[in-house]
Amino acid sequence: MSEQADSPLSENQLTEVIAEDAPVVDVAQILKIFEAALMTSAEPLSFSELKKLSDAPLETRFVEELLQQLADKYADSGIELNRVASGWRFRARPEMQEYIGRLDPQKPARYSRAVMETLAIIAYRQPVTRGDIEEIRGVVVSTQVLKTLESRAWVESIGTRDSPGKPALYATTQQLLDDLNLRSLSELPALAEMENLLEPNHQETN
Amino acid sequence: MSEQADSPLSENQLTEVIAEDAPVVDVAQILKIFEAALMTSAEPLSFSELKKLSDAPLETRFVEELLQQLADKYADSGIELNRVASGWRFRARPEMQEYIGRLDPQKPARYSRAVMETLAIIAYRQPVTRGDIEEIRGVVVSTQVLKTLESRAWVESIGTRDSPGKPALYATTQQLLDDLNLRSLSELPALAEMENLLEPNHQETN
Amino acid sequence: MSQAELQLIPRALIHGEPLLEMPSDLYIPPDALELVLETFQGPLDLLLYLIRKHNLDVLDIPMAQLTQQYMTYIELMQRNRLELAAEYLLMAAVLIEIKSRMLLPRPPKAGEEEVEDPRAELMRRLLEYEQMKLAAQRLNELPQAGRDFELVQVLIERTVVERLPNVSVDDLRVAWLTLLTRARVNAHHKVRREELSVREQMTRLLRQLRHGEFELFENLFDQAGGVPQLVVTFIAVLELAKETLIEITQTETLGNIYVRTSRLTLE
């Protein structure tokens, strides 16, 4: 916890980064503002939003350095600064959940297999129509399942396919990535290789 | 910012406070838990809630000391730990508001054309009924439009016309003049002049 | 039992017994059957279960065996009058069709043409479904905001200023010009030139008469405003009378003139 006391980048080091004729940045002050903004914002903050918080123009590289400094400050605490799809945000460390959960005995909903399979198909095969999802799952997809995902803002309709009936095309949102603490779709768990699935269970795993 | 590195109460000092046969409290851990819980809770946390966060029983006096330590940790940051009627909570320091307010996605609001035209008609033709406005605009005037203007206290109904249906008569208010920085309605651009601003339809506006 | 299989099986108690595995003789208590039906996501899921449970090769499905097992389930479910989704029956038809096609003697190879395995499409669908099923499981294992971790949300007290639109005199001018332009296009909307102060006086007078009582005519005039003001007010009174917004009465010749709003409904 002593890093922030002992080894922050000095102000000189940091101000070098910004344009010479720009107003001098009060690093300690801007760090406080970033901290307060990130902690109070309901949504992750993007670089462009963070830049708006400063009177002097800031370069992205400098903002990144400040964020790293802030992340280091919380390296040994109950919360952490993360970068996710739509920006930067603080979260409680997952290992705190066990305790925090005691304050609200209501357990958050776990989604049914129908919901999760539909989400997986949309995530890995997007954009897909309801028909595509039904084709893969082999059953009718209820409107309720899609509504659940849409009301969570995890999937959205991004247009229609140019085929009879103009079916809506579904895709996943940034919100899904944010909620899973991911930066991009490429960070989703890799799909199981089809070949591995092909292997019959000949070898008994007693 | 260096207090938490240099002068936390030592574990020995703190554990003395709790009952001798109670499990030993991991002060660093419980501080992290308090921090995470206070940062993520929508409501202030009371002593009894904070005590629930610990596996070992904690005395109120000890919880208070821990909170003081946490408050000190944030003494030089963008947020602060406060005690309020129903417990403890973090909040952004008031001086941060000015900066964080910039993130509001609120764009300068604009009134719709319907609202502006209705206002213009009431201003220039008062007192008028809704029917009069509709006749001039050539379209139905929605209740919402009039409500918008009334809630702004820019127009008010000053009576009804003695005709079928007793339609309300609308006029502009002193508030409108104040907001437009005018002393009287006669300071509004003269209609006659304005008509000259318009090119006759057949003429070319080169 | 493999890991994949474990995840397929409902974690439920049937008559106090955990339902971990289908009994090999396929006898399933009726209420458990209902649960099983709810547990399987459809015919593909049920088929996958049977294939994995019996260590069948997806690439070389013994159709007779699989079809027979599948049909046993379907019959059991029907016997118990469980409402079977149409997909299950459709799949039964598909299985039987594949099975019968495999029984037919293969036509002699005409040239290089390969005869497609009637099971190919089913195999493809089963594998694609299984891939997505596993993906769903892994997706569900990812820590989720609100379920597995909490987001930091520190209070900020905002001096809430509702930002109302600003309107300038110019905005009004633009609005009016738009109206004028339109009025010219639709010639029947006559927008007359008019002295604004008359209108202003009309509004002022109506406000003054709002109480609904008779008001002395003279009291309507503001002497301090000078002659132009008096004229404008007088025109306003006449205009209001013309629009039947006010009543003007005089009980005797040269007597006092009284003015009131015409049966105005007051708010």
Side-chain angles (χ1 to χ4, degrees), chain A residues 1-8 26 28-46 48-56 58 66 69-70 72-81 87-105, chain B residues 1-8 26 28-46 48-56 58 66 69-70 72-81 87-105:
Chain A
M1 224 187 284
S2 55
E3 295 97 299
Q4 74 273 28
D6 304 335
S7 64
D26 179 345
Q29 169 76 352
I30 197 80
L31 273 174
K32 281 187 206 173
I33 296 171
F34 276 15
E35 183 180 46
L38 287 161
M39 286 186 174
T40 54
S41 169
E43 304 292 331
L45 296 180
S46 64
S48 72
E49 283 171 312
L50 289 164
K51 285 180 192 174
K52 272 190 235 160
L53 296 170
S54 158
D55 291 319
L58 302 180
L66 290 170
Q69 210 176 325
L70 206 52
D72 291 345
K73 173 174 171 186
Y74 288 94
D76 188 34
S77 76
I79 60 170
E80 63 186 7
L81 184 60
W88 296 76
R89 64 129 184 257
F90 275 105
R91 68 162 177 177
R93 291 179 189 277
E95 59 265 33
M96 297 288 123
Q97 193 64 16
E98 177 194 346
Y99 304 96
I100 298 176
R102 296 179 191 175
L103 297 177
D104 183 13
Chain B
M1 221 186 289
S2 54
E3 293 96 301
Q4 76 272 27
D6 304 335
S7 63
D26 180 345
Q29 169 76 352
I30 197 78
L31 273 175
K32 282 185 203 176
I33 296 170
F34 277 14
E35 182 181 43
L38 286 161
M39 292 258 190
T40 55
S41 168
E43 302 295 328
L45 296 181
S46 64
S48 72
E49 284 172 311
L50 288 164
K51 285 179 192 172
K52 268 191 239 162
L53 295 171
S54 160
D55 293 320
L58 301 181
L66 289 170
Q69 208 176 327
L70 205 52
D72 291 345
K73 172 173 172 188
Y74 286 92
D76 189 33
S77 76
I79 62 168
E80 60 189 6
L81 184 60
W88 296 75
R89 67 149 182 237
F90 276 108
R91 68 158 186 175
R93 289 180 190 278
E95 62 265 32
M96 295 289 123
Q97 252 191 56
E98 175 196 345
Y99 301 96
I100 298 173
R102 298 179 191 172
L103 297 176
D104 275 346

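Order of the sequence lines fixes the chain letters, A, B, ..., with proteins taken first and strands second; residue numbering starts at 1 for each chain.
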field: Region of B/Ser54 in contact with chain A, defined by heavy-atom distances below 4.5 Å
entry: backbone

- request: Not counting sequence neighbours, which residues clear side-chain hydrogen bond (donor to acceptor under 3.5 Å, both in side chains) with B/Lys52? List them please.
  value: none

- prompt: By a 4.5 Å heavy-atom criterion (distance strictly below it), what part of B/Leu31 contacts chain A: side chain, backbone, both, or neither?
  reply: neither

field: Separation between CD1 of A/Ile33 and OH of B/Tyr99, rounded to the nearest 0.5 Å
entry: 4.5 Å

- prompt: At their closest point, which heavy atom of A/Asp55 faces which heavy atom of B/Arg102, and how far apart are they?
  reply: OD1-NH2, 2.6 Å

- line: The interface call for A/Gln29 against chain B, heavy-atom contacts under 4.5 Å, is side chain

- prompt: Which region of A/Leu38, side chain (C-beta onward) or backbone (N, CA, C, O), has a non-hydrogen atom less than 4.5 Å from a non-hydrogen atom of chain B, or is it both or neither?
  reply: neither

- request: Look up atom CG in A/Leu53 and atom CD1 in B/Ile100, then write down how far apart they are to the nearest 0.5 Å.
  value: 7.5 Å

- line: Residues passing the side-chain contact (heavy atoms from CB on, under 4.5 Å) test with B/Ser77, sequence neighbours excluded, are A/Glu35, A/Lys73, B/Tyr74, B/Ile79

- request: Using a heavy-atom cutoff of under 4.5 Å, enumerate the residues of residues 89-96 of chain A that contact chain B, numbered in order, or state 'none'.
  value: A/Ala92, A/Met96

